[in-house]
Enquirer: 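Here it is: the structure, laid out below.
Computed from a predicted model, the values in this text were never measured in an experiment. Index from 1, following the sequence.
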Amino acid sequence: MLTSSKKQFAYYKQLGEKAMAQISDVDFLQSAHMYDNSIQVIVKHLHGNMLSRWTNIFTEDGEKTWRDRDGEFESDIMEKDAILKLWAEGWQKLFDTLDSLSKEDLSKIIYIRNEGMTVEDAIIRQLCHYSYHVGQIVHICKFLKGEDWQTLTIPKNQSKQYNFKKFAEVKAERHFLDSLMDQGK
């Protein structure tokens, strides 16, 4: 579960980074309308969530008193480098915490807003949350790039070729993300 979760988180981190690498600095601040979130805002929110959820998970509630969730949705960072620094810091906190966990830790109870859950359930909860927001980032980037968008997964109209290649491989037990992650290297 830990190994698979780390691979899933790394995959979504990579998708977000590949998407954001395709857009200009000013695109980080774009939103479709005043009630929509820009990439900058989504990254700030992910950063705040990751730091809050993954700091001192066994001794403190996952919703820290120092977290300013409402402030995460204010558009106040204008530099792409500053936004990407928050992105990296949040993911680092997540991976550092996951790396510190043992198999036995997965069944321990932790709290998020006073709701107890196992560490395993908290990991699944955050995996879903982060993939949701990375999907938003990818969608915004794809919209902004238009026809210049470079696909991040199997390109349109190439599923048959992809499947042909996969079925030509020797049947073996492996994690499905390994080959996708290797494509980005």
Enquirer: Minimum heavy-atom separation for Thr55 and Lys64, please, with both atom names.
Expert: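 Taking Thr55 first and Lys64 second, the nearest heavy atoms are O-NZ, 2.7 Å.
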
Enquirer: Taking Ala32's backbone N and O only, do any of them form a donor-acceptor pair with Asp36's side chain (distance below 3.5 Å, no angle check)?
Expert: yes

Enquirer: Taking all non-hydrogen atoms of both residues into account, name the closest pair between Ile154 and Thr151 and its distance.
Expert: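 So the two residues come closest at O-OG1, 4.1 Å.
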
Enquirer: How many angstroms lie between OG in Ser159 and CZ in Phe164, if you round to the nearest 0.5 Å?
Expert: 15.0 Å

Enquirer: Quick one: do Lys145 and Asp148 make a salt bridge, cutoff under 4.0 Å?
Expert: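 Between Asp148 and Lys145 there is no salt bridge, as every charged N stays at least 4.0 Å from the carboxylate O atoms.
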
Enquirer: Please list, chain by chain and in numerical order, all residues satisfying side-chain contact (heavy atoms from CB on, under 4.5 Å) with Ser24, sequence neighbours excluded.
Expert: Val26, Asp27

Enquirer: Sequence neighbours excluded and cut-off under 3.5 Å, please list the side-chain donor-acceptor pairs for residues 118-128, or say none.
Expert:
unit_1, atom_1, unit_2, atom_2, d
Thr118, OG1, Asp121, N, 3.0
Thr118, OG1, Asp121, OD2, 3.3
Gln126, NE2, Asn49, OD1, 2.7
Gln126, NE2, Tyr130, OH, 3.2

Enquirer: Quick one: does Lys44's side chain have a donor or acceptor within less than 3.5 Å of a partner on Gly71's backbone?
Expert: yes

Enquirer: Same cluster for Val138 and Val43 if Ile/Leu/Val/Met/Phe/Trp/Tyr side chains link at under 4.5 Å?
Expert: yes

Enquirer: Verify the distance criterion only: is there a donor paired with an acceptor across the side chains of Asn56 and Thr59 at less than 3.5 Å?
Expert: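 Checked: Asn56/Thr59 side chains show no N/O donor-acceptor pair below 3.5 Å.
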
Enquirer: Tell me every residue that passes salt bridge (Lys or Arg N to Asp or Glu O under 4.0 Å) with Arg67, counting only those two or more places apart in sequence or in another chain.
Expert: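 Testing Arg67 for salt bridge (Lys or Arg N to Asp or Glu O under 4.0 Å), a comparison that skips the adjacent residues, returns Glu63, Glu72.
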
Enquirer: Whether the side chain of Ser38 engages the backbone of Ser31 through a donor-acceptor N/O pair (distance < 3.5 Å, no angle test) should be reported.
Expert: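 Between the backbone of Ser31 and the side chain of Ser38 there is no qualifying donor-acceptor contact (under 3.5 Å).
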
Enquirer: Is there a path from Ile83 to Val41 through hydrophobic residues (I, L, V, M, F, W, Y) whose side chains come within less than 4.5 Å of each other?
Expert: no

Enquirer: Considering residues at least two apart in sequence or located in another chain, which fulfil the ring-ring contact (aromatic ring centres under 6.0 Å, His included) criterion with His129?
Expert: His45, His133

Enquirer: Side chain of Ser52, backbone of Gly62: donor and acceptor closer than 3.5 Å?
Expert: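 A pair under 3.5 Å: yes.
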
Enquirer: Could you tell me which non-hydrogen atom of Ile77 sits nearest to which non-hydrogen atom of Ala82, and how far apart they are?
Expert: CG2-CB, 3.6 Å

Enquirer: Do side-chain atoms of Lys160 reach the backbone of Asn157 as a donor and acceptor pair under 3.5 angstrom?
Expert: no

Enquirer: Apply salt bridge (Lys or Arg N to Asp or Glu O under 4.0 Å) to Asp96 and Lys93, showing your working.
Expert: CA-CA 5 Å; Asp96 286 348; Lys93 173 52 78 178; 6.0 Å; no

Enquirer: Given 3.5 Å as the limit, does a donor-acceptor pair link the side chain of Asn37 with the main chain of Ile42, or not?
Expert: no

Enquirer: Determine the minimum heavy-atom distance between Ile39 and Cys141, stating which atoms define it.
Expert: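 So the two residues come closest at CD1-SG, 3.5 Å.
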
Enquirer: Could you give the distance from CG (Asp76) to CE (Met78), rounded to the nearest 0.5 Å?
Expert: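 Separation between the atoms: 7.0 Å.
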
Enquirer: Is Lys6 positioned over the aromatic face of Phe95, cation under 6.0 angstrom from the ring centre and no more than 45 degrees off axis?
Expert: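 Negative - Lys6 is either too far from the ring of Phe95 or too far off its axis.
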
Enquirer: Side chains of Gln14 and Lys18: does their closest heavy-atom pair fall under 4.5 Å?
Expert: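 They are in contact (side-chain heavy atoms under 4.5 Å apart), so the answer is yes.
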
Enquirer: Check this for me: Phe58, atom CZ, are more than 12 non-hydrogen atoms of other residues, nucleotides or ligands nearer than 6.0 Å?
Expert: yes

Enquirer: Return yes when atom CG of Asp99 has more than 12 non-hydrogen atoms of other residues, nucleotides or ligands closer than 6.0 Å, and no otherwise.
Expert: yes

Enquirer: What residues form a side-chain hydrogen bond (donor to acceptor under 3.5 Å, both in side chains) with Asp68, not counting sequence neighbours?
Expert: none

Enquirer: Measure the spacing between CD of Gln30 and OG of Ser75 and express it to the nearest 0.5 Å.
Expert: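 OG of Ser75 is found 10.0 Å from CD of Gln30.
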
Enquirer: What distance separates His139 NE2 from Phe143 CZ, expressed to the nearest 0.5 Å?
Expert: 7.5 Å

Enquirer: Measure from the side-chain N and O atoms of Gln40 to the backbone N and O of Phe28, and report whether any donor-acceptor pair falls under 3.5 Å.
Expert: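 Not a single qualifying donor-acceptor pair exists.
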
Enquirer: Is there a donor-acceptor contact under 3.5 Å from the side chain of Asp61 to the main chain of Asn114?
Expert: yes

Enquirer: First locate atom CD1 of Ile110, then atom CD of Glu60, and finally report the distance between them rounded to the nearest 0.5 Å.
Expert: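 Output value for this atom pair is 12.0 Å.
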
Enquirer: Would a hydrophobic clustering, with Ile, Leu, Val, Met, Phe, Trp and Tyr connected at side-chain separations under 4.5 Å, put Leu84 with Leu86?
Expert: yes

Enquirer: What's the separation between atom OG1 in Thr97 and atom CD in Gln92, rounded to the nearest 0.5 Å?
Expert: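 Here the rounded value is 9.5 Å.
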
Enquirer: Which heavy atom of Met1 sits nearest a heavy atom of Leu106, and at what distance?
Expert: CB-CD1, 4.1 Å

Enquirer: Does any part of the side chain of Trp149, heavy atoms only, come nearer than 4.5 Å to the side chain of Leu144, both counted from C-beta?
Expert: no

Enquirer: Taking a hydrophobic cluster as the set of Ile, Leu, Val, Met, Phe, Trp and Tyr residues connected by side-chain heavy atoms closer than 4.5 Å, whether directly or through intermediates, do Tyr111 and Ile57 fall within one such cluster?
Expert: no

Enquirer: Could you go through Ile137 and Ile140, starting from their C-alpha distance and side-chain angles, then the distance that decides it, and tell me whether this counts as side chain to side chain contact (heavy atoms under 4.5 Å, CB included)?
Expert: CA-CA 5 Å; Ile137 291 170; Ile140 293 167; 5.8 Å; no

Enquirer: If you count the non-hydrogen atoms of other residues, nucleotides and ligands that lie under 6.0 Å from OH in Tyr132, is the total more than 12?
Expert: no

Enquirer: Is it true that Ile23 and Val134 fall in one hydrophobic cluster, defined by side-chain heavy atoms closer than 4.5 Å?
Expert: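 Yes; Val134 is reachable from Ile23 via cluster members.
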
Enquirer: Can you pull out every side-chain hydrogen bond (donor to acceptor under 3.5 Å, both in side chains) where at least one residue sits in residues 79-91? Sequence neighbours excluded, please.
Expert: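 side-chain hydrogen bond (donor to acceptor under 3.5 Å, both in side chains) check on residues 79-91 returns Glu17-Trp87, His47-Glu89.
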
